[in-house]
Amino acid sequence: MELNLTQIPRVKTLTKEVFLRDYFRPQKPVVIENCIEDWPAFEKWDLEYMKKIAGDKEVPLYDDRPVKHDEGFNEPHAKMKMADYIDLLKSEPTKYRIFLWNVLKEVPILQEDFTYPNFGIRLMKGLPMLFFGGRNSHTFMHYDIDLANIFHFHFAGKKQCILFSQSESKHLYKIPHSLITREDIDFDAPDFEQWPALKNAKGHIARLQHGNVLYIPEGYWHHMKYITPGFSMSLRAVARKPKNFLRAVYNIFFMRYYDNFMRRRKGQEWIDWKNEEAVKRTNDLMRTA
């Protein structure tokens with residue numbers, strides 16, 4: 001048995017008016033296949049170019065090890081020069097990923113290679129973020145702390161994206177005081193005997209290749225798997241729904257600090273409690289549904 005996933009609609013191009021009407025206002029994901037051919041990045045951005053332009057930069061790396069109590073919020077697991085990391089990506093499978101690497105801060109010249117598209121909503125121009133990964137590396141199922149609307153531009157290689165709306169959280173074994181689900185769930189081949197609530201979850205799936213843009217509606221859960229080595233850039237816009245905006249404020253200014261405080265105070269006991277509570281709360285919701 002597989003997850004209940006429908007293919008995300010794909011369009012060749014998309015006008016601002018159609019995007020707002022058919023996808024943004026109803027909060028539905030879409031893949032735009034031909035959107036950035038006029039960007040210099042469309043032709044220039046590949047792994048070798050990134051190695052050339054940013055090879056001397058030290059980059060933070062993350063893998064899929066379980067969250068530990070003595071690690072801070074989004075604390076990297078390792079660091080490496082970009083040139084060495086790209087050599088690693090091209091030579092062998094690696095679970096190391098680059099996560100939320102700010103283009104403007106780290107390599108400002110890269111901003112000359114792209115423009116901010118007009119989708120009819122205001123993008124946060126100070127936060128263009130790059131993401132890299134090796135073959136078969138993946139993120140945990142998570143949603144972003146600010147519940148932003150995300151435009152995910154993919155370069156080099158192929159990537160699989162699984163999305164769930166916030167309405168499906170009750171089926172996903174969400175970790176309390178956190179932005180992730182249980183880390184031991186394999187969303188490629190879930191064990192429904194261990195995680196029976198997943199049978200009720202209804203989500204979306206798409207595969208991205210060079211030049212594709214995925215619109216991820218605000219607050220959507222997403223699980224990213226690199227089929228081949230590659231990288232992407234995300235642009236974002238603030239959450240517009242009042243409920244999501246207030247949750248974003250809570251996450252940014254309270255939740256993450258409370259979680260870090262409890263990790264320091266309770267140690268691994270806090271992490272273990274959250275993992276157990278995720279199962280208990282999901283099972284309770286299943287019984288009352």
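The basis for the numbers below is simple: all heavy atoms, side chains too, and nothing from hydrogens, waters or symmetry mates.
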| said: Any carboxylate oxygen within less than 4.0 angstrom of a Lys/Arg side-chain nitrogen, looking at Arg256 and Asp259? | reply: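 Here Arg256 does not pair with Asp259 in a salt bridge, since their nearest N and O are not under 4.0 Å apart.
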Report the distance from atom [atom1] of [X] to atom [atom2] of [Y], rounding to the nearest 0.5 Å.
X: Leu47; Y: Phe231; atom1: CG; atom2: CZ; result: 6.0 Å
X: Leu208; Y: Gln160; atom1: CG; atom2: CD; result: 10.0 Å
X: Leu179; Y: Asn251; atom1: CG; atom2: CG; result: 5.5 Å
X: Glu33; Y: Lys12; atom1: CD; atom2: NZ; result: 4.0 Å
X: Tyr49; Y: Leu110; atom1: OH; atom2: CG; result: 6.0 Å
X: Phe131; Y: His154; atom1: CZ; atom2: NE2; result: 12.5 Å

Step through the shown structure and confirm whether more than 12 heavy atoms of other residues, nucleotides or ligands are within 6.0 Å of [atom1] on [X].
X: Arg240; atom1: CZ; value: yes
X: Arg135; atom1: CZ; value: no
X: Phe245; atom1: CZ; value: no
X: Lys170; atom1: NZ; value: yes
X: Lys95; atom1: NZ; value: no

| field | Single-linkage hydrophobic cluster, 4.5 Å side-chain cutoff, Ile53 and Ile98 together | value |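 Linked, Ile53 and Ile98 end up in one cluster.
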| field | Cluster check Leu163, Phe99: I/L/V/M/F/W/Y, side chain < 4.5 angstrom | value |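 No, because Leu163 and Phe99 fall into different hydrophobic clusters, even though each may have its own neighbours under 4.5 Å.
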| Going by heavy atoms in the side chains, are Lys28 and Asp22 under 4.5 Å from each other? |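 Result no, sub-4.5 Å side-chain heavy-atom pair not found.
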| query | Are any non-hydrogen side-chain atoms of Phe187 and Leu198 less than 4.5 angstrom apart? | reply |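 The answer is yes, as the side chains (C-beta and beyond) meet within the 4.5 Å cut-off.
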| message | Ring centroids only, cut at 6.0 angstrom: are His222 and His142 within range, meaning strictly under it? | response |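 Yes: the rings meet the under 6.0 Å criterion.
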| task | Check Pro229 against Leu89 and note the closest heavy-atom contact, atom names and distance. | result |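 Looks like CG-O, 3.4 Å.
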| task | Locate the shortest heavy-atom distance separating Met255 from Ser178; write the atom from each residue and the value. | result |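 Met255 and Ser178 have their closest heavy atoms at SD-N, 3.9 Å.
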| task | Tell me, with the steps shown, if Phe151 and Phe19 meet ring-ring contact (aromatic ring centres under 6.0 Å, His included). | result | CA-CA 12 Å; Phe151 297 92; Phe19 169 73; 5.5 Å; yes
| task | Output, in order, the C-alpha distance, side-chain angles, deciding distance and verdict of side-chain hydrogen bond (donor to acceptor under 3.5 Å, both in side chains) for Glu218 and Tyr143. | result | CA-CA 9 Å; Glu218 57 190 59; Tyr143 63 93; over 6 Å; no
| request: Would you tell me whether Glu183 and Tyr173 have side-chain atoms, one donor and one acceptor, within less than 3.5 Å of each other? | output: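 Glu183 vs Tyr173: no donor-acceptor pair found between side chains.
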| field | Between Gln194 and Asp184: side-chain donor-acceptor atoms closer than 3.5 Å | value |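 No - no donor-acceptor pair under 3.5 Å links their side chains.
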| query | Where does the angle between the aromatic ring planes of Phe140 and His138 fall among parallel (under 30°), tilted (30 to 60°) and perpendicular (over 60°)? | reply |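 Because their plane-to-plane angle is over 60°, the rings of Phe140 and His138 count as perpendicular.
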| query | When the ring planes of Trp45 and Phe114 are compared, do they come out parallel, tilted or perpendicular, using 30° and 60° as the limits? | reply |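 If you compare the ring of Trp45 with that of Phe114, the planes turn out perpendicular.
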| message | Filter on side-chain hydrogen bond (donor to acceptor under 3.5 Å, both in side chains), then keep only pairs touching residues 115-130, sequence neighbours left out; what's left? | response |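 Sorted result for residues 115-130: Trp39-Thr115.
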| message | Asp186 vs Asp191, test: side-chain contact (heavy atoms from CB on, under 4.5 Å). Steps then yes/no. | response | CA-CA 8 Å; Asp186 180 356; Asp191 182 343; over 6 Å; no
